[in-house]
Amino acid sequence: AVVVDDLLTKKIGKTAAGSGMVLKLESVATPMSRSTVVLRFSVEQKFSENKKAEVVALNRERILVTQGQKPLTIENTYLESSKPQTNTRLTKGLILLRADRLKKNANIDLRILPVGKKDPSKSDLSISFSADFGRR
């Protein structure tokens with residue numbers, strides 16, 4: 001973990017891929033007060049020219065953060081989309097969670113739910129990680 005501008009940051013670098021999408025959890029950060037946790041992630045969607053209709057912008061309703069199967073309240077979400085290549089949509093995002101709602105030493109799951117799929121459990125993207133910063 002590295003401290004930058006009073007933020008304690010832990011690089012994660014985990015990825016999950018499926019359904020033409022790649023979810024990457026880049027880092028988890030918390031201020032020195034340990035009051036909040038910030039998740040930095042990106043989602044890359046690749047599509048063929050004749051299937052542009054399949055690409056749907058990522059939105060808050062498609063992002064789920066859970067701990068032990070229990071959904072966590074997301075305080076704030078920031079999403080920014082771009083098209084680095086013709087057939088790619090890249091969405092970078094930040095998620096803000098309240099630290100007092102997190103259980104210590106229990107993994108957190110970041111999930112991106114698919115659009116229009118009948119059974120979301122088969123095609124969602126999920127990354128499990130630890131956000132334990134060795135609390136004081």
Side-chain angles (χ1 to χ4, degrees):
V2 180
V3 177
V4 179
D5 293 333
D6 289 337
L7 268 183
L8 185 63
T9 303
K10 188 162 97 173
K11 289 212 179 300
I12 303 291
K14 285 187 174 182
T15 59
S19 304
M21 293 170 44
V22 177
L23 167 64
K24 180 176 183 186
L25 178 61
E26 294 163 17
S27 65
V28 179
T30 186
M32 294 307 234
S33 67
R34 309 277 204 273
S35 58
T36 56
V37 173
V38 179
L39 311 181
R40 179 184 295 271
F41 69 98
S42 65
V43 176
E44 185 179 83
Q45 297 178 75
K46 294 209 179 281
F47 54 92
S48 57
E49 275 302 311
N50 57 353
K51 293 195 175 182
K52 268 190 183 162
E54 285 184 5
V55 175
V56 177
L58 190 62
N59 60 33
R60 289 179 181 156
E61 290 75 41
R62 294 183 57 205
I63 300 168
L64 188 63
V65 181
T66 59
Q67 192 172 35
Q69 304 298 321
K70 192 175 144 210
L72 295 171
T73 302
I74 295 174
E75 291 295 314
N76 211 335
T77 310
Y78 172 77
L79 298 171
E80 180 183 292
S81 289
S82 63
K83 294 184 86 173
Q85 294 151 0
T86 311
N87 297 351
T88 305
R89 176 193 286 271
L90 179 66
T91 304
K92 293 185 177 199
L94 297 172
I95 294 173
L96 182 70
L97 304 170
R98 295 213 53 86
D100 60 8
R101 298 209 177 114
L102 303 178
K103 288 190 184 102
K104 290 182 186 174
N105 305 322
N107 272 7
I108 297 170
D109 295 311
L110 171 63
R111 296 172 59 169
I112 303 297
L113 305 173
V115 171
K117 298 281 195 257
K118 296 284 182 256
D119 184 1
S121 64
K122 287 201 170 80
S123 50
D124 64 348
L125 297 179
S126 181
I127 292 177
S128 187
F129 63 96
S130 166
D132 185 24
F133 288 93
R135 288 175 173 62
R136 288 184 206 145

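Source: prediction; values computed, not measured.
For the pair Q67 (side chain) and L72 (backbone), a donor-acceptor distance under 3.5 Å is absent. The backbone N or O of S82 lies less than 3.5 Å from no partner atom in the side chain of K92, so there is not a single donor-acceptor pair. Under a 3.5 Å cut-off, the side chain of T36 and the backbone N or O of R98 do not form any donor-acceptor pair. Side chain of R111 to main chain of S126: no donor-acceptor pair is present (N/O by atom type, distance under 3.5 Å, no hydrogens or angles).
Using a cutoff of 4.0 Å between basic side-chain nitrogens and carboxylate oxygens, E26 and K24 are not scored as salt-bridged.
How far NZ of K103 is from CD1 of I108: 10.5 Å, rounded to the nearest 0.5 Å. To the nearest 0.5 angstrom, K11 atom NZ is 11.0 Å from L25 atom CG. Atoms CG and CZ, on L58 and R89 in that order, are 9.0 Å from each other to the nearest 0.5 Å. In this structure, CG on L94 lies 5.0 Å from CZ on R40, to the nearest 0.5 angstrom. Taking CG from L90 and CD from E80, the interatomic distance works out to 9.0 Å, rounded to the nearest 0.5 Å. Taking CG of L8 as the start and OG1 of T30 as the end, the distance is 7.0 Å to the nearest 0.5 Å.
Considering all non-hydrogen atoms of both residues, I127 and K14 come closest at CD1-O, 3.2 Å. Taking all atoms of both residues into account, the shortest heavy-atom contact from Q69 to T66 is C-CB, 4.4 Å. A pairwise comparison of heavy atoms in S130 and I12 identifies O-CD1, 4.3 Å as the closest pair. Closest approach of P31 and L7 over heavy atoms only: N-CD2, 3.5 Å. Heavy-atom minimum distance, A17 versus V22: CB-CG2, 4.1 Å. Of all heavy-atom pairs spanning M21 and L125, the tightest one is CB-CD1, 3.7 Å.
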key: CA sep, side-chain torsions, deciding dist, call: N87, Q85, side chain to side chain contact (heavy atoms under 4.5 Å, CB included)   = CA-CA 6 Å; N87 297 351; Q85 294 151 0; over 6 Å; no
request  = Report the C-alpha separation of I74 and L97 in whole Å, then their side-chain angles, then the decisive distance to 0.1 Å, and conclude whether the side chain to side chain contact (heavy atoms under 4.5 Å, CB included) test is met.
outcome  = CA-CA 5 Å; I74 295 174; L97 304 170; 4.1 Å; yes
task = Run the numbers on T77 and L96 for side chain to side chain contact (heavy atoms under 4.5 Å, CB included), then give the verdict.
result = CA-CA 6 Å; T77 310; L96 182 70; over 6 Å; no
key: side chain to side chain contact (heavy atoms under 4.5 Å, CB included) between L79 and F41, intermediate numbers included   = CA-CA 10 Å; L79 298 171; F41 69 98; 3.8 Å; yes
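When the side chains of ILVMFWY residues are joined at heavy-atom separations under 4.5 Å, either directly or via intervening members, L39 and L102 end up in a single hydrophobic cluster. Residues L64 and I95 fall into different hydrophobic clusters, defined by Ile, Leu, Val, Met, Phe, Trp and Tyr side chains chained together at heavy-atom separations under 4.5 Å. Linking Ile, Leu, Val, Met, Phe, Trp and Tyr whenever their side-chain heavy atoms come within less than 4.5 Å leaves V38 and V65 in two separate clusters.
Here the side chains of I112 and I63 are in contact, with some heavy-atom distance below 4.5 Å.
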